[in-house]
Every structure is written in C-alpha cells, then in structure tokens.
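Here's the structure, in structure tokens; my notes come after.
Values in this document were obtained by computation on a predicted structure and should not be read as measured data.
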Amino acid sequence: MNIAADIADDLESGEADSGIGHALFADAPRSVSFNKLRKRLLRQVRQAFDDFDMLKGQKRWLVGLSGGKDSYGLLALLLDLQWRGLLPVELVACNLDQGQPNFPKHVLPEYLTKIGVRHRIEYRDTYSIVKEKVPEGATYCSLCSRLRRGNLYRVAREEGCDALVLGHHREDILETFFMNFFHGGRLASMPAKLLNDEGDLMVLRPLAYAAEDDLAKFAAAMQFPIIPCDLCGSQDGLQRNAMKDMLADIERRMPGRKDTMLRALSHVNPSHLLDPKLFDFSSLGVTDPS
C-alpha cells in the first residue's frame, strides 16, 4: 500500500477542504490556513508510514495520550486517516495517570468518550516513586519516562496491541540527538520505528516529520483540553530545554535548518565518520597499479 499516493489523491479531491471527516473535526475551523495545516500534517504522518513501513503486519495500536498538544494531535491525525480508510489499524487510546497532585482525572475520559474513541485510563502512582528516588534538584524526566514506558508496554500487551504509538515530533528527535551529541558522546536519537527489548512490541513515532510549532497551532485550532505536566514542567534548567533554545535560535538565524538537520539523520555516511564498528577502515588500502 502506498499511503503517500493514496492520501495525496484523497486530499486533492477536496475532502479535507470541505471540513468533513471524523466527528472529532466537527467544530474544526474551515479556514484555508487550517486546511493547509491539516493537509501538511497528514502528509507528514503518511510519509513516516511509508518511509519506515509502519503498517506492516499491524492490527491494533495503543496510542499513548498524555493530555499534551502532541499526543492529542497524533490521535486526531490517526483518526482522520482511519476515517479516510488509509489506516487499517484499530486504535486504543491510553492515558497513564501517574498520580500527580491536582491531575484533572475527568478530562481525558470525558473527551475520549465524547469523540467515541475506545480508551483505557490506567492509574499507577509513579509520581511518588520519582519524587522518592530522584535527589532534590535533579531532573525527573529519565526515571519518569522509564516507568511510564514500562506501564504502557504492559497495557499494550493486555489490550492485544502490536505497537505502542507515541507523539514525539521533529523537535523531540533533534533535541534528543543533540543531548546525546553534547552530553552522551554518541550519535543517536529517537527512532521513528523501534522494536522493544523483549521483541514483542513495536514503538512507532508517526509525527517524526511534524514540526512542534505546527502541532501547537493544530492543537489551538482544535481546542484540545490540554493538561500540563506539573512534574517535569516545574523544573528549570533541563538539558532538553537548553537544546530547544539552541535549535530555536539556529532556526531564527537560518530558517529551514531544522528540516536540514532532520534530513541529515536519514543520510548517514559511515565511511565519513569515526566509528570502526560501522565501517571497516582496516580494509581500506591503495590498489597496486601493477
């Protein structure tokens, strides 16, 4: 299945411009600017489907829903593609309630019920574990992420899902690359498609090509009921924030650099790096002209 060609034909037929689609889009803006934004995001998602063969053998996905703009956007775009018949996969939305103080427990189940999406709200008090284990002043993100991911893997298995689908976008991928580059001494980032350590679940990131700014505009236009993260968001000076600021500054001074950097991650030349495990430098030699 060529998702790129199929959705291009569908979008050019004017269906997106007419405003029809999944019930989620009933109150969406009908403006030209919003329709262009919606088309662009849909194209980027289906391009990720194509480039990384995300639909191969897939029947049911667990969509991680944090309550932030990115995961809301991911769910909406997947539902849009599903409505168009371009995503032959069953979707189950899952929010992990991590026990954060003042977390509005009613928001996500009410919203998901309203738009008719099958969902599961899972309560696990990882907040207390993180607060207990992480020293004062240190960042919570790493441990919080590991605990969250482990619980989502478990739920995915219990729900009979083939993959856990996450809302990480272009900036998340670039920020992770530079965090590893500056602080970890390695060239690595978030892959768009990953097999978990146990080998029984795929981890997919269909928003890999989507810009965070586009997702923010999309969320505002769609009026998603955003839930802020009071655990990680309360900490200043995170390495990721420093990377975000650096990338934003580069983009301001040299527009288009983020897209260039993202393309660079898919055009790797091992013979022009310094890792002998990736390229056999010892076999290089001058050919004897005789």
Side-chain angles (χ1 to χ4, degrees), residues 1-9 40-58 86 141-142 145-146 149 153 162-214 239-290:
M1 177 185 297
N2 189 321
I3 298 295
D6 288 347
I7 192 172
D9 291 343
R40 181 164 62 250
L41 289 169
L42 286 170
R43 288 194 182 101
Q44 289 167 340
V45 170
R46 54 78 175 164
Q47 191 64 56
F49 286 173
D50 276 357
D51 288 351
F52 302 101
D53 203 8
M54 289 188 179
L55 300 184
K56 183 178 181 180
Q58 299 291 298
L86 297 173
C141 298
S142 179
S145 177
R146 290 199 303 273
R149 186 70 56 84
Y153 281 161
D162 309 295
L164 170 62
V165 187
L166 302 173
H168 296 121
H169 47 65
R170 180 187 70 177
E171 276 71 12
D172 288 321
I173 290 172
L174 291 176
E175 290 159 17
T176 300
F177 173 80
F178 281 106
M179 286 173 66
N180 286 323
F181 184 72
F182 287 127
H183 301 286
R186 59 195 180 102
L187 298 181
S189 187
M190 291 177 172
K193 182 179 182 180
L194 173 73
L195 182 65
N196 72 337
D197 291 340
E198 292 77 11
D200 64 338
L201 287 170
M202 300 302 300
V203 178
L204 305 176
R205 296 182 172 96
L207 297 181
Y209 296 144
E212 182 176 17
D213 186 56
D214 277 351
Q239 292 174 356
R240 184 170 293 276
N241 286 343
M243 298 301 102
K244 184 183 292 292
D245 291 342
M246 180 193 73
L247 288 166
D249 180 60
I250 291 173
E251 187 71 15
R252 279 192 299 270
R253 291 186 288 111
M254 296 179 286
R257 293 312 99 183
K258 286 183 179 180
D259 283 336
T260 301
M261 286 186 275
L262 194 69
R263 286 199 300 273
L265 293 181
S266 62
H267 293 84
V268 179
N269 192 338
S271 68
H272 286 57
L273 295 174
L274 303 176
D275 191 342
K277 297 187 295 299
L278 291 181
F279 184 80
D280 185 10
F281 292 99
S282 63
S283 67
L284 293 178
V286 177
T287 302
D288 187 349
S290 62

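One finds the CG atom of Leu187 at 9.0 Å from the CG atom of Leu274 (value rounded to the nearest 0.5 Å). Atom CE of Met179 and atom CE of Met243 lie 7.5 Å apart (nearest 0.5 Å). Separating the CG atom in Leu55 from the CG atom in Asp53 is a distance of 7.5 Å, to the nearest 0.5 Å. From Glu175, atom CD reaches atom CD of Gln239 across 12.0 Å, with rounding to the nearest 0.5 Å.
Residues Pro206 and Phe49 come closest through the heavy atom pair CB-CE2, 3.9 Å. What you find for Met190 and Ile173 is that their closest heavy atoms are O-CG1, 3.9 Å. In terms of heavy atoms, Val268 sits closest to Leu273 at CG1-CD1, 4.1 Å. The minimum heavy-atom distance linking Phe52 with Lys193 is given by the pair O-CD, 3.0 Å. Closest approach of Ala163 and Leu204 over heavy atoms only: CB-CD1, 3.9 Å.
A 4.5 Å side-chain heavy-atom check between Leu201 and Asn196 finds at least one atom pair inside the cut-off. Taking the side chain as every heavy atom from C-beta outward, Val203 and Tyr153 approach each other to under 4.5 Å. Looking at heavy atoms from C-beta onward, Asp214 lies in side-chain contact with Arg40 at the 4.5 angstrom threshold. Counting heavy atoms from C-beta outward, Asp259 and Arg170 have side chains that approach closer than 4.5 Å. Residues Leu166 and Arg149 have side chains in contact (heavy-atom distance under 4.5 Å, counting atoms from C-beta outward). Contact annotation: the side chain of Thr176 approaches that of Arg240 to within less than 4.5 Å [non-hydrogen atoms, C-beta and beyond]. The side-chain heavy atoms of Met202 and Lys56, taken from C-beta on, include no pair separated by under 4.5 Å.
Between the side chain of Arg205 and the main chain of Pro191, a donor-acceptor pair closer than 3.5 Å is present. Counting only distance, with no hydrogens or angles, the side chain of Asp162 and the backbone of Gln58 share no donor-acceptor pair below 3.5 Å. Under the 3.5 Å distance criterion, the side-chain polar atoms of Asp172 are matched with a main-chain donor or acceptor of His169. Between the side chain of Glu251 and the main chain of Lys258, a donor-acceptor pair closer than 3.5 Å is present.
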Quiz prompt | Derivation of the salt bridge (charged side-chain N to carboxylate O under 4.0 Å, His left out) call for Asp249 and Arg253 | solution = CA-CA 6 Å; Asp249 180 60; Arg253 291 186 288 111; 3.1 Å; yes
Practice problem: Go through the steps for Lys244 and Glu171 under the test salt bridge (charged side-chain N to carboxylate O under 4.0 Å, His left out), then give the verdict. | Solution: CA-CA 7 Å; Lys244 184 183 292 292; Glu171 276 71 12; over 6 Å; no
Quiz item: Would Phe177 and Met261 satisfy side-chain contact (heavy atoms from CB on, under 4.5 Å), going step by step from the backbone distance to the final call?
Solution: CA-CA 10 Å; Phe177 173 80; Met261 286 186 275; over 6 Å; no
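Within 6.0 Å of atom CG in Leu284, more than 12 heavy atoms from other residues, nucleotides or ligands are found, so the atom counts as buried in its surroundings. Atom CZ of Phe281 has more than 12 neighbouring heavy atoms from other residues, nucleotides or ligands inside a 6.0 Å radius.
The side chain to side chain contact (heavy atoms under 4.5 Å, CB included) test with Tyr209 is passed by exactly one of Asp51, Leu41, Val45: Asp51.
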